[in-house]
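For reference, the structure discussed in these notes is given below.
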Number of protein chains: 2
Amino acid sequence: MDLSLQQLRGFVAVAEELHYGRAAQRLNLTQPPLTRQIQGLERTLNVRLFDRTGRGVRLTAAGGVFLEHARRVLALLEVAPEATRRAADGTTGTLRLAFTAIGAYAVLADFLTMVGKRTPGVTAELTELVSPAQFEALANLEIDVGLVRPPIPAQFESLLVHSEDLVLAVPVSHPLALGAGAVSLVDVTDDYIGYSPEGSQYLHDICAAMIGMDRYAVSQLASQVPTMLALVRAGLGCALIPRSIMAMGVEGVRYRELDAADAHSVTLHACWSPDNPNPALQRLAESLRLDPHLTT
Amino acid sequence: MDLSLQQLRGFVAVAEELHYGRAAQRLNLTQPPLTRQIQGLERTLNVRLFDRTGRGVRLTAAGGVFLEHARRVLALLEVAPEATRRAADGTTGTLRLAFTAIGAYAVLADFLTMVGKRTPGVTAELTELVSPAQFEALANLEIDVGLVRPPIPAQFESLLVHSEDLVLAVPVSHPLALGAGAVSLVDVTDDYIGYSPEGSQYLHDICAAMIGMDRYAVSQLASQVPTMLALVRAGLGCALIPRSIMAMGVEGVRYRELDAADAHSVTLHACWSPDNPNPALQRLAESLRLDPHLTT
DNA sequence: ATGGACCGATACCGTGCTTGCATGGCAGCC
DNA sequence: GGCTGCCATGCAAGCACGGTATCGGTCCAT
């Protein structure tokens, strides 16, 4: 034989009442089945759980130990349905969130705060991925939300999270490092350091359009912003970087504003798959559809 | 309906195999009952646990949460029988141990060490009680073992644990405080401080016999050794105390050996009820019957 | 596009467990 | 010694659970 929940419930009732009749009453049962349940339990465990004194019963030491186990099992079983239901409606759960290295500096903290406000009880798991890898992970349901740069495939739902313009990063040794105010891109006569078209396609395309393909092509390539700043610092050229990166002070690098004519904003979007079954995501998505204002 | 262990086992199997057929095979079952088990589970919880994709199944987020709960319940249920059996044969368990205030100084530590060696896995709960209260507690199964002074009621089983003689405690201001070597009780001309016949009947009787009822009667009475030493220190008289108490150095009190003619040993016994159902006690008692040597 | 393989859901039937009723056996109490 | 309270047991009925057969859907290969 094998243990059954009926037996456990019966045992706990008898152990608490120390009286088969009252225990049976509490379980909406008659006394004989209870007797058989306990007997079955004792046969299965090969252990006497009660001392029958003829006048009521008394727990044995082993019975006391088994009582604790039975109580824990039943308590766990008690909370399981509610916990499962909460997970099903998205009240609790886990949101697997990916972000680009660049996006992390500007908006990750604010985004997490917003998620925490809209879906309290939901915890986030963070991964760093470049945008194309995020789209693949979203499609494979390996992540729930991505913080990505455009273009966004049509199959996904998305929301503009952050928009900022680009500034020019120049080495301290560069002539433009000294001045103040805005500069024009045409004033930059030496090399640019460009974004890799694979790792950072969006920034690559925008920068290429801003400064012209011919001049862009001669530069070094990088896909990670810290790498780019290191190259700038080494004096290898100038780079166009999102304004929020200025918060990262790097020794040997100066930032200059760009002329309004040259200004061009880059955007970051939260992105998810509408048919992702994660209820936590569904709840967040619904909340975002109702009120796309990110600061609330 | 209500959750059943069958359903839990079925759910865990399907969740792990992600395939009803294989899961059923693992459970020595055919596929249809499994389908019904999961359906019943989903109906009870009001939650979809699996996404049926037509080609196999996939856990929902809620299903993942419920899987964790189900695993914990089954794991608990797995260990419960063995833990109960161990408690039944005394391999594990709790020994409720009482001791007299006097006994604690001399032998409690050694006794606990011995218990730990003979019945590893058994933990001790300690209470301080005077001997008569211990006998009552032993009879009511409120404690399992007592460290008591004679006489021991016949209904109990017991074992001599410690034997020691008495020494004389005198105030520093007393003439006997200065000498060395043994003294005779007849040299003590002033008052004795005696043991209470209720709280410490055994020591009371022995001391009364040693020094004579008439002289004993005039003294102060105390039942706790620390109290007696405080009275000695205050110069109220001399007292006969067990030798092991000498380890307690009290300022203002000197100890003197007694003449061989006056020497009288007092004993301390471990004592338990043979029909106490606690398996941990039974195991200890059996061990003590086989080998009454306490240092092993 | 169509047949086949795979997989989960459903219908139906048989069996075995569990329950409830009635009763037995045993210990303590007036 | 009869009475009462309590747990154990015998027996018949109900029901829940498992097995067999089959259906309906999807995916894949030809």
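The sequence lines fix the lettering, A, B, ..., with proteins before strands; numbering per chain opens at 1.
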Test: Arg283(A) and Glu286(A) ion pair at under 4.0 Å: no

OP1 or OP2 of [N] less than 4.0 angstrom from a side-chain nitrogen or oxygen of [X], does that happen here?
X: Gln39(B); N: dT10(C); result: yes
X: Gln31(A); N: dG20(C); result: no
X: Thr30(B); N: dG19(D); result: yes
X: Gln37(B); N: dG18(D); result: yes
X: Thr35(A); N: dC7(D); result: no

If I take atom [atom1] in residue [X] and atom [atom2] in nucleotide [N], what distance separates them, rounded to the nearest angstrom?
X: Tyr20(B); N: dG19(D); atom1: OH; atom2: P; value: 16 Å
X: Leu41(A); N: dC17(C); atom1: CG; atom2: C1'; value: 16 Å
X: Glu17(A); N: dG5(D); atom1: CD; atom2: P; value: 18 Å
X: Gln6(A); N: dC17(D); atom1: CD; atom2: P; value: 10 Å
X: Leu18(A); N: dC7(D); atom1: CG; atom2: C1'; value: 14 Å
X: Arg58(A); N: dC7(D); atom1: CZ; atom2: P; value: 14 Å
X: His19(B); N: dC27(D); atom1: NE2; atom2: P; value: 15 Å
X: Leu5(B); N: dA16(D); atom1: CG; atom2: C1'; value: 16 Å

Donor-acceptor pair present, Arg36(B) side chain and dG8(C) base, under 3.5 Å: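 Such a pair does not exist between side chain and base.
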
Side-chain donor/acceptor of Gln282(B) to backbone N/O of Pro274(B), under 3.5 Å: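 Checked: pair present.
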
Closest to side chain of Arg52(B), choosing from dG8(C), dG18(D), dC21(C): dG8(C)

Sugar-phosphate, base or nothing in reach of Leu29(B), heavy atoms under 4.0 Å: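 Counting heavy atoms under 4.0 Å across all strands, the contact made by Leu29(B) is with sugar-phosphate only.
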
Asp89(B) and Thr91(B): side chain donor to acceptor below 3.5 Å: yes

Note, Leu8(A) side chain near Leu77(B) side chain (heavy atom, < 4.5 Å): yes

Parallel, tilted or perpendicular: ring planes of Phe11(B) versus Phe50(B), cut at 30 and 60 degrees: tilted

